[in-house]
Every structure is written in C-alpha cells, then in structure tokens.
2 protein chains.
Amino acid sequence: MSETTESERVKGELAESDQVMSLIGLNSKIQKRIGGALSAHGIGVTEYLVLNQLYATPTQTMRRSDLAERVGLSPSGVTRLITPMEKTGLVQKEDNPRDARVSLVTLSASGKQIYEDAQASFAHASAALLEPLTDEQLRAFSECLKVLSKGFS
Amino acid sequence: MSETTESERVKGELAESDQVMSLIGLNSKIQKRIGGALSAHGIGVTEYLVLNQLYATPTQTMRRSDLAERVGLSPSGVTRLITPMEKTGLVQKEDNPRDARVSLVTLSASGKQIYEDAQASFAHASAALLEPLTDEQLRAFSECLKVLSKGFS
DNA sequence: GTGGAATGCTTGAGCTTGCAATTATTTGGG
DNA sequence: CCCAAATAATTGCAAGCTCAAGCATTCCAC
C-alpha cells in the first residue's frame with residue numbers, strides 16, 4: 001500500500017522543488033529591481049529593511065540583535081551594516097543604561113525622511129514587479145505569503 | 001476624477017510592498033534551509049542551480065554566458081563559481097571549435113550523480129518549506145510564480 | 001581583405017555577509 | 001560576595017558576488 005503513496009509524495013515534492021526554484025529566480029529579480037530603485041536614495045535593500053524595522057517600532061529604537069533577527073542577518077552583519085549608516089546620519093547609536101552590553105540603534109530625523117522617500121520608490125517597484133498578476137491572483141499570493149511568513153527565523 | 005484613482009493605486013502599491021517584503025524574508029529562509037540541506041552533498045545553492053541547468057540541457061553542455069543568465073549571475077560570477085567545481089570534478093571545461101571565444105561547461109558523470117542525490121534533498125527541503133500551504137493554496141501559488149517567472153532576466 | 005565594433009571570458013579591486021573567536025557585561029548558584 | 005555560565009556586540013578571516021577593465025576572437029561594412 002505504500003507504493004502509490006510514495007510515488008505521489010515524490011511527485012508532490014518535485015512540484016514544490018519547481019516552486020522553490022521559481023522563488024529563487026524571483027528573488028534575483030527583486031534584488032535587482034528594488035535595489036535599482038533604492039539606489040536613487042543612496043541605500044541598498046538591506047539598509048531599507050533596517051530602516052523599515054526601526055520606522056515600524058513605536059520608539060524607533062531597537063537592539064542590534066533584535067534587528068539582526070528581524071531582517072534575517074547575523075549580528076556581525078548588523079554591526080557592519082550600521083556603522084556606515086551611522087556615519088551618514090541615517091541612524092544613531094545609543095547606550096542602554098540598564099544593560100551596558102546592548103547597543104541601541106535609533107532612527108534619526110534624516111533617516112526617517114529618507115525612509116519615507118524610499119518607501120515610495122519601493123512601493124512603485126513592487127507594484128511593477130507584481131503587475132503581471134491579476135487582482136485575484138494577487139490576493140491568493142498575499143494569503144500564501146502570509147502563511148509562509150508565520151514562523152520567520 | 002483622479003483623486004480616488006490615485007489613492008487606490010497607492011493603497012495597492014502598499015499592499016504589494018508588503019508582499020515583496022515577505023518574499024525577501026522568505027528568500028532568507030530558503031537560502032538557510034536549502035543551503036543547509038545541500039551542504040550534506042558538498043554544494044551550495046548556486047552550485048545546485050548550475051548543475052540543475054546543465055542537467056536539464058539535452059547535451060548537458062552550456063556556454064558560460066548562457067549559464068550566467070539562467071542562474072541570475074554575472075559572467076564573472078560564473079567563472080569564479082565554476083573554477084572550483086571543475087577542480088572537484090563536478091563539471092568539465094570544453095572549447096568550442098567553431099568559436100574560440102566561448103568556453104563550454106559540461107556536466108560530468110560524477111556531477112550528474114551528485115546532482116541526482118542533491119535533487120532529493122532539495123525536494124525534501126522544498127516540501128518542508130511549503131508544507132504550511134494547503135493543496136489549493138499550493139496550486140494558486142504555483143500559478144502565480146509561473147506568471148511572475150515569465151520574463152526572467 | 002581589413003579595421004573597427006561586438007562578443008565571450010577572465011582578472012583585479014572592492015563590497016557584503018557569515019562563522020568563529022574575543023571582549024565586555026550581566027546573572028545566578030553557592 | 002564571587003565565580004562560572006549566559007548574553008550582546010565586535011573583529012579577523014574567508015567566501016561569494018559585482019563592476020570595470022582587459023584580452024582574445026569573431027563579425028561586418030567598406
């Protein structure tokens with residue numbers, strides 16, 4: 001009784017392979033298009049992700065390790081990404097008086113402004129990217145992505 | 001008459017921003033999970049993409065620049081990726097007698113074997129990744145990805 | 001044919017990121 | 001109180017990639 005089950009499972013997995021392959025290809029496209037759109041604002045995709053996280057936080061302040069997890073980067077990646085962002089004034093570094101180990105990152109006024117500008121470009125590029133989908137497909141796609149993003153890291 | 005249209009367009013774009021953000025997050029997950037699964041075979045995700053392309057070609061041979069476009073890499077990226085693969089015997093380099101500029105890449109017997117092994121791991125990891133989707137969602141998702149992958153580069 | 005444009009690949013320099021080791025600080029059991 | 005374990009961030013090194021420049025070869029208009 002296991003033979004048909006097995007063959008169906010394998011067939012299913014192959015289909016899912018194709019979809020992951022498509023996702024990888026799609027990501028390549030995203031990086032190029034979105035990256036191109038954001039370059040007009042002097043930031044890269046990863047920097048945008050960081051600004052996005054800070055902007056969405058009530059205090060606009062976050063610990064580096066939380067930031068790392070949120071944007072899918074390693075802690076060292078965050079350090080090396082943020083150092084130049086601090087130099088250009090997008091964010092500011094702050095100490096946590098309660099715990100001297102943590103290093104807080106805050107969105108600066110100019111960082112907020114640049115993020116808001118970049119947000120428009122990001123939205124525009126995103127719309128162009130997903131333009132081939134019908135409204136109905138877009139809704140279904142959105143639903144799938146929501147499900148898949150549940151447990152993130 | 002343009003006001004509501006404009007506001008709807010902007011609202012639409014914001015929703016699409018969210019989806020692209022989800023896609024970026026999803027890609028981070030893919031790279032980690034699939035990369036982890038493939039590491040058991042001694043190859044990375046990009047190397048898998050190359051083997052996959054060669055395997056799918058009737059002659060199992062391809063020009064480097066075609067390979068570059070297919071896997072979304074720059075030509076120099078292909079050179080630097082393939083050099084070690086040649087050393088480990090996954091692929092072989094061949095000259096094209098008709099045009100001495102081009103450098104052909106061929107899948108070797110051991111490369112073919114390793115690809116087939118890796119394919120199973122890739123499929124398994126892909127299935128696990130998409131497991132939260134219902135069958136119906138999976139079909140819709142597949143359809144969307146097919147549409148979005150139409151014009152690739 | 002011949003010279004300049006186009007094509008295919010490689011190489012040098014540099015960027016971004018991860019992993020492992022290191023440093024600094026806090027926490028908790030004794 | 002104190003020391004070991006845990007936690008947060010940074011740093012050295014290496015991998016993987018891109019861009020721009022360079023080289024070899026082919027194509028094409030004349």
Side-chain angles (χ1 to χ4, degrees), chain A residues 24-25 27-36 38-39 42-51 61-88 90-106 153, chain B residues 24-25 27-36 38-39 42-51 61-88 90-106 153:
Chain A
I24 292 173
N27 186 69
S28 177
K29 224 180 184 176
I30 289 177
Q31 293 295 331
K32 280 161 190 159
R33 298 251 199 119
I34 304 284
L38 292 180
S39 70
I43 62 177
V45 176
T46 317
E47 282 163 332
Y48 181 84
L49 295 179
V50 165
L51 294 179
T61 294
M62 217 179 264
R63 297 171 43 194
R64 297 199 172 195
S65 53
D66 292 343
L67 210 41
E69 196 183 348
R70 297 288 199 95
V71 303
L73 226 54
S74 69
S76 67
V78 169
T79 295
R80 294 190 213 272
L81 180 69
I82 281 187
T83 304
M85 289 176 76
E86 206 183 338
K87 288 212 177 89
T88 47
L90 292 173
V91 298
Q92 285 157 359
K93 190 174 174 175
E94 277 178 35
D95 290 342
N96 182 347
R98 301 302 194 92
D99 187 340
R101 288 171 303 181
V102 317
S103 176
L104 268 31
V105 183
T106 307
S153 179
Chain B
I24 292 173
N27 186 69
S28 177
K29 224 179 182 177
I30 288 178
Q31 293 295 330
K32 279 161 191 159
R33 298 252 199 117
I34 303 285
L38 292 179
S39 70
I43 61 177
V45 176
T46 316
E47 281 163 331
Y48 181 84
L49 295 179
V50 165
L51 295 179
T61 295
M62 218 179 263
R63 296 170 44 191
R64 298 200 169 194
S65 51
D66 292 343
L67 209 42
E69 196 183 348
R70 297 289 200 95
V71 303
L73 225 55
S74 69
S76 67
V78 169
T79 294
R80 294 191 211 273
L81 181 71
I82 280 187
T83 304
M85 290 176 76
E86 207 183 337
K87 288 211 177 88
T88 47
L90 292 173
V91 299
Q92 286 156 359
K93 190 173 173 175
E94 278 178 34
D95 290 341
N96 182 345
R98 301 302 194 93
D99 187 341
R101 287 172 304 182
V102 316
S103 176
L104 268 32
V105 183
T106 306
S153 178

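All chains are named by letter (A, B, ...) in the order of the sequence lines, taking the proteins before the strands, and each is independently numbered beginning at 1. Bear in mind that the values here come from a model prediction, so they are computed numbers and not experimental data.
- As rounded to whole Å, 12 Å separates atom P of C:dT16 from atom CE of A:M85.
- The main-chain N or O of B:R98 is found under 3.5 Å from a side-chain atom of B:N96 such that the two form a donor-acceptor pair.
- Atom pair B:N96:CG and C:dT7:C1' shows a separation of 13 Å (rounding to whole Å applied).
- Protein atom CZ of B:R98 is 16 Å distant from nucleotide atom P of C:dG8, rounded to whole Å.
- Side-chain contact between A:V50 and A:M62 is absent, with no heavy atoms from C-beta onward closer than 4.5 Å.
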Could you encode protein contacts along nucleotides 9-14 of chain C as a string, one character per nucleotide from 5' to 3', using B for base contact, S for sugar-phosphate-only contact and - for no contact, with a heavy-atom cut-off of under 4.0 Å? SBBBB-

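- Contact between B:E86 and B:Q92 at its shortest, heavy atoms only, is CG-CA, 4.4 Å.
- Residue A:D95 contributes atom CG, which lies 15 Å from atom P of C:dA24 at whole-angstrom precision.
- Two residues, A:E47 and A:A100, neighbour DNA chain C, and the one matched to the more 5' nucleotide by heavy-atom proximity is A:E47.
- Whole-Å rounding puts the A:Q31 CD to D:dG16 P distance at 18 Å.
- In this entry the distance linking CG of B:L73 with P of C:dG8 reads 17 Å, nearest Å.
- Side chains of B:I43 and B:L90 form a contact here, defined as non-hydrogen atoms less than 4.5 Å apart.
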Less than 3.5 Å apart, which donor and acceptor atoms pair up between the side chains of residues 74-83 of chain A and the rest of the protein, not counting sequence neighbours?
unit_1 : atom_1 : unit_2 : atom_2 : d
A:S74  : OG     : A:S76  : OG     : 3.2
A:S74  : OG     : A:G77  : N      : 3.1
A:T79  : OG1    : A:P75  : O      : 3.4
A:T83  : OG1    : A:T79  : O      : 2.8

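- Separating the CG atom of A:D99 from the C1' atom of D:dA9 is a distance of 11 Å, rounded to the nearest angstrom.
- Put simply, B:T46 has a side-chain N or O that comes within less than 4.0 Å of OP1 or OP2 on D:dC17.
- Rounding to whole angstrom units, CD of residue A:E69 and C1' of D:dA9 are separated by 16 Å.
- Within the 4.5 Å cutoff, no side-chain heavy atoms of A:V105 are placed close to those of A:K93.
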